[in-house]
Number of protein chains: 2
Amino acid sequence: MRKTVQDMVDPSTEEKIKSSARIVFHQKGYAATRTRDIAEAAGINLALLNYYFRSKEKLFDLIMLETMQQFMQNAMFIMNDATSVLDQKIQLLVNNYIDLLIAEPDIPLFIMSEIKRDPQQLLSRMGLKDGFMQSALVRQLEERAAHYGTTHFKHPLQFLMNLLGLTVFPFIANPLLRGISKVSQSKFNEMMLERKKLIPIWIETMLAHS
Amino acid sequence: MRKTVQDMVDPSTEEKIKSSARIVFHQKGYAATRTRDIAEAAGINLALLNYYFRSKEKLFDLIMLETMQQFMQNAMFIMNDATSVLDQKIQLLVNNYIDLLIAEPDIPLFIMSEIKRDPQQLLSRMGLKDGFMQSALVRQLEERAAHYGTTHFKHPLQFLMNLLGLTVFPFIANPLLRGISKVSQSKFNEMMLERKKLIPIWIETMLAHS
DNA sequence: GTCTATATACGGATAGAC
DNA sequence: GTCTATCCGTATATAGAC
């Protein structure tokens, strides 16, 4: 299962199928994806897909799991890092998501859509049972609230909604936003890079006005 | 086509199909929806669906159009209202969306997913060609920036991203957010009502720190 | 491992009786 | 207008040759 240098220049059939499946599933979602599309994108025959992965469902589960990890793993690490302070965590989270989503803009809509299809899979198959609420980030939020003597956020989830709403939402709404504002894709990406600087400032000011 | 009082107590077959189609399409999206599901939900036979609406595609187009209007119409009106000032518009927009989405939480993810499938439909079939960028809201944003002598937002779209991100995103991410925070649906709705008060304050402070 | 050919199921749509 | 029965294309999955 270890990926070798050889695999990168001459990826195995299994890898070719998986990376094609990733792209197609991310773009179209589970229901709209046809296994034939994946096979074609991978340049192999349809039968091979079933030979390696048994079924569309099994292949999808694999992609879904990996994508969820890709989306949550770094963020969870940042949130749980005891060595960084709150301000640093905010900047790191924003940078992390904006860089990731400029590279792979389909991920958030894919995740939100597919989690909605089967919310159980989230809670069970992922290791994100109680990652957020027990994180160092939440502890630091509460310390800060206590120190300033204000309630700040009644619930840490309000903070997370703000952070992800400002950072992730634009990628989800990309076609709508660009449609009503006539902004090009490259201009859109520029604006998201601008937001790397802006969002941490905004979040700070919001923390002081809750 | 006028909806009568009689239709509400004893809706026509056509209306029953349409309202069922709305629910199922919103929940599952176009690809995952089977016309048989809609027929069953409407308590009628599958053949009737095609009798009234010719095809799944035609029925969907109708629902999509109505849903887009429902999502944009009030917002566009508020944005274009020359009689209200910026602060009022912000509060009205936030109230409008939070009330709407507590009642119909599936709408945003539905719209974002289906627009991505076919972004053209947005630009053409909707009347939202240049509604936002020419709105009174944008004009007032620019006036405010000029008055304070700051650049504020380099682009009005940054403002819209913030407003919708803070307001609409939580509904899109609902299953994920509740999954990682163990918050009930009713608690979630409470938090969204809280945000009616919070978001306008936050947006104001953000306007001052750009 | 990889292909062609095919079995099987499902979903959209229509025919035709009432 | 509404139903039952059915047609037919499409999509997943497998059989079996190479």
Side-chain angles (χ1 to χ4, degrees), chain A residues 1-4 6-65 110 113-114 117-118 121, chain B residues 1-4 6-65 110 113-114 117-118 121:
Chain A
M1 284 303 160
R2 187 76 180 75
K3 184 183 282 185
T4 66
Q6 186 57 28
D7 287 339
M8 304 186 63
V9 52
D10 177 27
S12 68
T13 300
E14 188 172 349
E15 275 304 322
K16 277 193 293 189
I17 296 173
K18 238 171 74 171
S19 66
S20 297
R22 233 188 104 78
I23 294 169
V24 179
F25 277 137
H26 282 189
Q27 273 187 43
K28 317 217 283 187
Y30 179 79
T33 292
R34 288 163 302 173
T35 50
R36 284 173 161 82
D37 295 341
I38 297 173
E40 191 183 0
I44 54 95
N45 190 277
L46 171 60
L48 267 186
L49 187 149
N50 290 291
Y51 172 76
Y52 279 106
F53 298 97
R54 299 286 302 168
S55 75
K56 176 186 179 182
E57 182 78 32
K58 290 242 185 9
L59 176 53
F60 176 82
D61 287 349
L62 199 68
I63 302 298
M64 179 67 180
L65 190 68
F110 169 79
S113 299
E114 300 303 333
R117 267 204 326 143
D118 182 8
Q121 214 163 33
Chain B
M1 284 303 161
R2 187 77 181 75
K3 185 183 281 185
T4 66
Q6 187 57 27
D7 286 340
M8 303 186 62
V9 53
D10 178 27
S12 68
T13 299
E14 188 173 349
E15 276 304 323
K16 277 192 293 188
I17 297 172
K18 239 172 73 174
S19 66
S20 296
R22 233 188 105 78
I23 295 169
V24 179
F25 277 136
H26 283 190
Q27 272 187 44
K28 318 217 281 189
Y30 179 79
T33 293
R34 288 162 301 172
T35 52
R36 285 173 161 80
D37 296 339
I38 297 174
E40 191 183 0
I44 53 96
N45 189 275
L46 170 59
L48 267 186
L49 187 149
N50 289 292
Y51 172 77
Y52 279 105
F53 297 97
R54 300 285 302 168
S55 75
K56 177 186 180 182
E57 182 77 34
K58 291 242 186 6
L59 176 54
F60 176 82
D61 287 349
L62 199 67
I63 302 298
M64 180 67 179
L65 189 69
F110 170 77
S113 299
E114 300 302 334
R117 265 204 326 142
D118 182 9
Q121 214 163 34

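Order of the sequence lines sets the chain letters (A, B, ...), proteins ahead of strands, with each chain counted from 1.
Residues A:Phe25 and A:Phe110 keep their aromatic ring centres 6.0 Å or farther apart.
Counting to the nearest Å, the P atom of D:dG1 and the CG atom of B:Asp10 are 14 Å from each other. Residue A:Glu57 contributes atom CD, which lies 18 Å from atom P of D:dA11 at whole-angstrom precision. Atom P of nucleotide C:dG1 and atom OH of A:Tyr51 are separated by 5 Å, given to the nearest angstrom. For A:Leu48 and C:dC3, the CG to C1' distance is 8 Å, given to the nearest whole Å. Whole-Å rounding puts the A:Phe53 CZ to D:dA11 C1' distance at 19 Å. Between the C1' atom of D:dT10 and the CD atom of A:Glu40 lies a distance of 15 Å, rounded to the nearest Å.
With hydrogens and angles ignored, the 3.5 Å screen pairs no side-chain donor or acceptor of A:Lys18 with any backbone N or O of A:Leu59. Listed for the A:Lys28 side chain is no donor-acceptor partner under 3.5 Å among the backbone atoms of A:Arg34. A donor-acceptor pair is defined here as one N or O able to donate and one able to accept, closer than 3.5 Å; such a pair exists between the side chain of A:Glu114 and the backbone of A:Tyr30. Side-chain N or O atoms of B:Ser20 include none that pairs as donor or acceptor with a backbone N or O of B:Ile17 at under 3.5 Å.
Backbone-only engagement by A:Tyr52 is indicated by non-hydrogen atom pairs under 4.0 Å involving sugar-phosphate atoms exclusively.
B:Lys58 and B:Asp61 are not joined by a salt bridge, as no carboxylate oxygen comes within less than 4.0 angstrom of a charged side-chain nitrogen.
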request  = Treat primed atoms plus P, OP1 and OP2 as sugar-phosphate and everything else as base, then score nucleotides 5-12 of chain C 5' to 3': B for base contact with protein heavy atoms under 4.0 Å, S for sugar-phosphate contact only, - for none.
outcome  = ------BB

